[in-house]
Amino acid sequence: QKEVEQNSGPLSVPEGAIASLNCTYSDRGSQSFFWYRQYSGKSPELIMSIYSNGDKEDGRFTAQLNKASQYVSLLIRDSQPSDSATYLCAVRNTGFQKLVFGTGTRLLVSP
Amino acid sequence: SQTIHQWPATLVQPVGSPLSLECTVEGTSNPNLYWYRQAAGRGLQLLFYSVGIGQISSEVPQNLSASRPQDRQFILSSKKLLLSDSGFYLCACNIVGEQYFGPGTRLTVT
């Protein structure tokens with residue numbers, strides 16, 4: 001079983017729609033959760049971090065965390081073609097300064 | 001705010017040649033530093049991390065090595081490159097619990 005799992009996609013949504021990206025993790029003791037956006041050929045960019053159960057909103061982005069279900073998601077409202085990228089979920093495992101990354105979900109937003 | 005520099009940006013090297021990639025960080029002191037590799041169409045693989053000068057932890061056995069000669073300098077090396085070493089090499093830095101990536105070095109081994 002992979003430690004951090006994401007659907008590879010592509011997830012296709014029309015411009016203006018809500019994109020929902022999901023991630024599950026296996027270490028129940030994980031404390032910190034992150035979403036990165038990676039454009040083709042570029043390095044990952046941190047867009048959201050979440051540490052406690054519930055929702056965290058930043059502009060058009062909302063991260064949702066449910067530790068009981070070991071599930072973290074990213075919602076992108078009013079999706080734009082510029083949001084087309086691969087989104088990586090990352091989890092910090094208990095007691096370490098290392099992140100475990102999922103393989104990413106490719107998002108395509110069509111005009 | 002912190003800035004992570006990596007060079008070179010791109011590199012084409014023949015099999016069997018040596019490698020040296022450099023990462024330097026500005027705007028922070030005593031950071032945790034990381035080297036990742038991302039092969040084409042693959043996920044991020046953690047290669048090495050360092051919590052201080054001279055302290056290196058290796059995540060996977062391979063023909064690569066890392067060194068941290070200064071607080072804000074992290075170097076990735078190889079004595080003899082393999083075809084399988086091709087990929088996108090990323091340096092990352094932890095800042096107050098969040099990890100940020102440098103621009104990366106794209107290495108092609110021919």
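Naming convention: chains lettered A, B, ... in sequence-line order (proteins, then strands); numbering from 1 in each chain.
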Under 4.5 Å from any heavy atom of chain B - which part of E45(A)
neither
What option among G43(B), A92(B), G97(B) has the most heavy-atom pairs under 4.5 Å with chain A?
G97(B)
Hphob cluster co-occupancy, L65(A) + I47(A), side-chain heavy atoms under 4.5 angstrom:
yes
Rounded to the nearest 0.5 Å, the CG atom of L90(B) sits from the NZ atom of K42(A) at a distance of 12.0 Å
Heavy-atom side-chain proximity of F101(A) to Q38(B) below 4.5 angstrom
no
Please report the closest heavy-atom contact between P103(B) and S43(A), naming both atoms and the distance.
CA-OG, 3.8 Å
Linking I/L/V/M/F/W/Y whenever their side-chain heavy atoms sit closer than 4.5 Å, directly or via other members, would Y36(B) and L82(B) fall into one cluster?
no
Mind checking whether L64(B) and V60(B) sit in one hydrophobic cluster, side chains of I, L, V, M, F, W, Y counted as touching below 4.5 Å?
yes
Interatomic distance, OH@Y49(B) vs NZ@K98(A), rounded to 0.5 Å, equals 4.5 Å
hydrophobic_cluster_shared for I53(B) and I56(B), side chain cutoff 4.5 Å
no
At their closest point, which heavy atom of Y36(A) faces which heavy atom of Q99(B), and how far apart are they?
OH-O, 2.6 Å
Check whether R42(B) gets within reach of chain A through its side chain, its backbone, both or neither, counting any heavy atom under 4.5 Å.
neither
Which value, rounded to the nearest 0.5 Å, describes the distance between L46(A) atom CG and F101(B) atom CZ?
9.0 Å
Path from L83(B) to Y89(B) over hydrophobic side-chain contacts below 4.5 Å
yes
For the residue pair E98(B) and S49(A), what are the closest heavy atoms and their distance?
OE2-OG, 2.8 Å
